[in-house]
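Reviewing the structure listed below.
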Amino acid sequence: MLEQVVRLGRAGIGIIERLGRGHLLLWHILGGLGALSVRPGLLIRQIYSVGVHSMLIVGVSGTFVGMVLALQGFYILSQFGAEQTLGVMVAASLVRELGPVVAALLFAGRVGSALTAEIGLMKATEQLSGLEMMAVNPVKRVLTPRFLAGFISMPLLAALFSALGVLGGFFVGVGLLGVDEGAFWSQMQAKIDLHEDVYNGVIKSLVFGVVCTWIALFQGYDATPTSEGVSRATTRTVVHSSLAVLGLDFVLTALMFGD
Amino acid sequence: MVQNRSVELLVGVFMAAGLVALFFLAMQVGNLSASTNGEGYLVTARFDNIGSLKEKAPVTMAGVRVGRVSAIGFDQATYEAVVTLSIDPKYVTIPDDTFAKIFTAGLLGEQYVGLDPGGSEEYLKHGDQLALTQSALVLEEIIGQFLFSKAEEGVE
């Protein structure tokens, strides 16, 4: 009985310790931002591997999500004779929710796991210690550019997702199902508010970008330096990022659209 | 370095694509743009009440779309709504005594302008004004009138 309470306490302390280390790491990463401005080449290389390589999967998913939304929405809306609000439905669900959230989930799977594995392996093969030996701060040199790249890429990817989703919905709704083109756009433009919907979506994706990249970098940096440790850290990255995105999405939605 | 240059190029493409997507969301999905399609000739019509008619709503004749609502204004002197209709240039034989009404597509659908052709020999041309119009039906007013007439019946 007592043993169980002790184990519970140990687990609690462990969680808080990891949280503390995570926040310290974030603090050190942010401390490297000034030094990064001297070497923008590092950032560009990371945006290439984080952003450019994710464009295809994000774009294709966005298009298909928009197309499916239009198909499903048309089926329901046509029962009420309200097919013309299809544009509003597709755009609102994409810009407010699906764009930031699904793009962030894809980002966690596509980019987060890669970052964790990369940094975990750097640690396991003692490249990070090697940098430290040469008086190069591994956090500033390796982690900061990756963090900033994630922060920049995520809102762009989410915007790409939403825009292609709207175009996919337009293609299915107007092209295949015969919704009126003008009604599709005019209803959308009348109902979607630039500040309320579009800006809040961008803010969401910024938050998700920070959280996903942070979790991925921390898991990699904190991984047990063995092949098993790296594989477990990679799994944890995807699970924790996805849960964090879904949980934060609820909180952000309640804050933004709650009243 | 050639490789470095292609990396920079692709990053540039990525950033540009993302910014274009944001721009698209702001302009086309949001309501920042004020673009009107220039094609077609413009005809104005005055209504007492346009209900919830929006710009770009369809203009139909016998159920076929012949144009779009290109602008909605308000006349401060007569307190009327001034609706500018952009009619497709291939429909040139619309009589100038055509009757314009505002209809609703379905129970929850959006409102549109329906044109009933008159018998005039003269055809509508750019800048003309439709004299005969009928306002949108506002559901609350109809219910109000109905209740009012019911109440009057009760008195007698």
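Just so it is clear, the structure is predicted and the values come from calculations on it, not from any experiment. So that the names make sense, note that chain A is the first sequence line, chain B the second, and so on, each numbered from 1.
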Flag, side chain of His126(B) to backbone of Leu42(B), donor-acceptor distance under 3.5 Å: yes

task: Answer yes or no: is there a donor N or O on one side and an acceptor on the other, between the side chain of Asp88(B) and the main chain of Tyr91(B), under 3.5 Å?
output: no

message: To the closest 0.5 Å, what do you measure between CE (Met188(A)) and CE (Met89(A))?
response: 10.5 Å

message: Counting only non-hydrogen atoms closer than 4.5 Å, does Val202(A) touch chain B with its backbone (N, CA, C, O), its side chain (CB onward), both, or neither?
response: side chain

message: If we define contacts as heavy-atom pairs under 4.5 Å, which of Ala91(A), Ser153(A), Gly59(A), Gly87(A) has the most with chain B?
response: Ser153(A)

Heavy-atom contact with chain B under 4.5 Å, split by part of Asp180(A): side chain

task: Pick one of side chain, backbone, both or neither for Leu77(A), based on which atoms fall under 4.5 Å of a heavy atom in chain B.
output: neither

- line: Rounded to the nearest 0.5 Å, the CG atom of Leu30(A) sits from the OG1 atom of Thr144(A) at a distance of 8.0 Å

message: Between Phe170(A) and Phe184(A), is the ring pair (Phe, Tyr, Trp, His ring centres under 6.0 Å) condition met? List the steps.
response: CA-CA 8 Å; Phe170(A) 173 77; Phe184(A) 186 89; 5.5 Å; yes

message: Does any backbone or side-chain atom of Val52(A) lie under 4.5 Å from a heavy atom of chain B? Answer side chain, backbone, both or neither.
response: both

